[in-house]
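Notes follow once the structure below has been shown.
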Protein chains: 2
Amino acid sequence: MKPVTLKQIAEHLNISITTVSKALKDYSDVSPKTKALVKELAKTLNYKPNAFAVNLRTKESKTIGLIIPVIVHHFFSNVIRGIISQAEKKGYLVIILQSNESYELEKKQIDLLMSQRVDGILISLANGTANFSHLNDVLAQEKSLVMFDKIAKIVKCSKVIIDDRKAAYMATQHLIDTGCKRIAHFRGPLLPQNSIDRFLGYKKALLDNNMPYDPSLVYICECGDMSFEEGKKNAQQLLKDHNDVDGIFINTDLVAIGAMTEFNKLGVKVPEDISIVGFSNWFMSSVISPTLTTIDQPGYEMGKAAFKQLFKEMKQIKKNQPIIYKEIVLETALVKRESTR
Amino acid sequence: MKPVTLKQIAEHLNISITTVSKALKDYSDVSPKTKALVKELAKTLNYKPNAFAVNLRTKESKTIGLIIPVIVHHFFSNVIRGIISQAEKKGYLVIILQSNESYELEKKQIDLLMSQRVDGILISLANGTANFSHLNDVLAQEKSLVMFDKIAKIVKCSKVIIDDRKAAYMATQHLIDTGCKRIAHFRGPLLPQNSIDRFLGYKKALLDNNMPYDPSLVYICECGDMSFEEGKKNAQQLLKDHNDVDGIFINTDLVAIGAMTEFNKLGVKVPEDISIVGFSNWFMSSVISPTLTTIDQPGYEMGKAAFKQLFKEMKQIKKNQPIIYKEIVLETALVKRESTR
DNA sequence: TTTCGCACCGAAAACGTTTTCGAAATCAAC
DNA sequence: GTTGATTTCGAAAACGTTTTCGGTGCGAAA
């Protein structure tokens, strides 16, 4: 009933625990005969090393922590899938925590993971995170830390991102190329880097095309989370404020879909009256009507890349080698659909 | 740099490790003075108990495993969220694994979790799982195991489910009530219990309303996973086989949306020509056009309930009490929208 | 003065592994 | 028969905690 231990195998065969341990790990100072004996008995007794004891001895648990702002989210759940698939290949397990876009929670969760002594941490920051001491603590304790998607440039660690600025530029340029003359932007909250970068890309595209940049056309999301309702609200407000807008670049597909739904209700035609470009390429965007032009953001690949980098760093720390931080930038693509002309 | 241990605190204060340990855990045989001293020093040194050592001593890791068929999935990601939120409250961490609807992988992952010695396991079965010895092994080793959503009735453990049969009955009855005379069913793969139950609910509704049950109107998903493409394929096939069908009850929203997309392309009007009811109430279903009538399946609540039950059982095992298995059935609701008349 | 109870503390074992280091045994060569 | 090398094994320490059990010292009661 109780799990088999090395000791029991040793007693069965009348040899020492040491030899059993070494036999199972193919040490060279165990004779082939005893190796065979030990391995056979281990298999018939269904021996599984006690992970707790191994962890204590080796000081590692083959487990990493993952903190993301939200789980029910097309992009993030794809990231999770990417991370887990890669981790499994390397024999690592993944503990997932949801920060709920809250800095306080994020901090607590980092603490939790550290006291569980995970081997490394992957994190995409909460929108509210402006203080980074909890992250620097992790690095100070010589644990590997890799940030992805929502990062903080100021923290000295590896990062996996897309070029948000360039992608936003592409999106806006597409609106311009298809004839839009007055283009609004629904941006995310103020803090996160990718929200800032997308805004900057939007702005640059306008200026590069000799179009005026009008701050009143930029709608900031104060509420903190980028929701469907947010899109509806902004759409209403936009129609009140500016009846001459003929294109919008929207920070996230979900918000874009909210806006389109509202426009549809109010009789505003997309793309005839207003063209819309979203961001992230949620699956949903390909089945609504009209289908949504958007920027494809490779979540699965991002998850894979983030784990791969973390894995490298964990190995470097183990070998006491200096850690080389990297910034990995993944490619995005414009997906043209029916919401633009 | 290296983490602080009890020993270091003990040496600092010139007392024994035992006393330090007991002071931190408020044992009654430590004087208030030394308790205060120890706690203060522990705080200033930022002492965190070594989880590996604690695990080894106490034989538990405050960690549970979760195996689900797919992660990028509205229902399942809500389940994850429910589980994690509840687990966090009770101080448990969650390791997530994706079985990819594969029995082989599921088996391996159970093994992995067992050798990691998680305190309990939550699982929703892969479609292909027909052999349950890996689950019985878990129970035989006196680990808690709770199944949810996709369960096997034959395994003796607690289960959290919805009444699929009743829900399917409601869905089909709604089609009948709104005037459908010939109703098809896109069912899931053959094996999983909920696929079977939904089919039975569909059939019973027909018979109770004196409508003939025609097996050729039931489309089985051979491919194993319930996808958007599956819906398109079935929709095409249905139009070829039966041009008199005026209503479909579809196993899953995603498949229903695939079918609607195809109907739309082929000029078949929903709900005028064909009414459709889906299952699960994916968010997407409320924003597509026409919006999809469906069955609301409470993923978040299911996750919460599953963890709560697991927690109870883990406590019972710890106290050597007999485990009382429960079958918890959550309520569903019909959400009427535009895809039915 | 002895005895009993009580408050406080610590030695030591235990959890199950990994790894170092030395010892024993075998064999070859001189 | 001695030396040296080589192969094979095991004792023991270590990882950091928890918990049992006994001990000490002190005040109060007899």
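Residue numbers begin at 1 in each chain, while the letters A, B, ... track the order of the sequences.
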Tabulate atom names and distances for all N/O pairs under 3.5 angstrom spanning the protein and nucleotides 23-26 of chain C.
none

Note: chain A reaches DNA chain D at heavy-atom distances under 4.0 Å over the stretch, first to last nt, 5' to 3', of D:dT8 to D:dG16
Taking only Lys NZ, Arg NE, NH1 and NH2, and the carboxylate oxygens of Asp or Glu, determine whether A:K318 and A:E60 approach each other closer than 4.0 Å.
yes
Between residues 51-60 of chain A and DNA chain D, which residues have a heavy-atom gap below 4.0 Å?
A:L56, A:R57, A:K59
In residues 16-29 of chain A, what residues come within less than 4.0 Å of DNA chain D, judged by heavy atoms?
A:S16, A:T18, A:T19, A:K22, A:D29
Run the ring pair (Phe, Tyr, Trp, His ring centres under 6.0 Å) test against A:Y103 and tell me which residues pass, sequence neighbours left out.
A:H134
Taking the side chain from B:E101 and the backbone from B:N127, do they hold a donor-acceptor pair closer than 3.5 Å?
yes
If the condition is salt bridge (Lys or Arg N to Asp or Glu O under 4.0 Å), which residues does A:E104 pass it with, not counting sequence neighbours?
none
Applying side-chain contact (heavy atoms from CB on, under 4.5 Å), name anything that partners B:E40, two or more places apart in sequence or on another chain.
none
Which residues pass the side-chain contact (heavy atoms from CB on, under 4.5 Å) test with A:K59, sequence neighbours left out?
none
Overall bend - the helix from C:dT1-D:dA30 to C:dC30-D:dG1, comparing terminal axes fitted on five pairs, nearest 10 degrees
70°
Given A:Y325 and A:L139, is the side chain to side chain contact (heavy atoms under 4.5 Å, CB included) satisfied, shown in steps?
CA-CA 12 Å; A:Y325 295 130; A:L139 295 167; 4.0 Å; yes
Is a side-chain N or O of B:T63 found less than 3.5 angstrom from the main chain of B:S61, in a donor-acceptor match?
yes
Between B:K62 and B:D119, does any side-chain N to carboxylate O distance fall below 4.0 Å?
no
Applying salt bridge (Lys or Arg N to Asp or Glu O under 4.0 Å), name anything that partners A:K304, two or more places apart in sequence or on another chain.
none
One thing to verify: whether A:K39 and A:D26 come together as a salt bridge, which I'm taking to mean a side-chain N less than 4.0 angstrom from a carboxylate O.
yes
Considering residues at least two apart in sequence or located in another chain, which fulfil the side-chain hydrogen bond (donor to acceptor under 3.5 Å, both in side chains) criterion with A:K48?
none
Sequence neighbours excluded, the answer for ring pair (Phe, Tyr, Trp, His ring centres under 6.0 Å) partners of A:F76 is A:H73
Check whether B:T58 reaches the backbone of B:V54 with its side chain - one donor and one acceptor, N or O, closer than 3.5 Å.
yes
Donor-acceptor check, side chain of A:E106 to backbone of A:A126, threshold 3.5 angstrom: yes or no?
yes
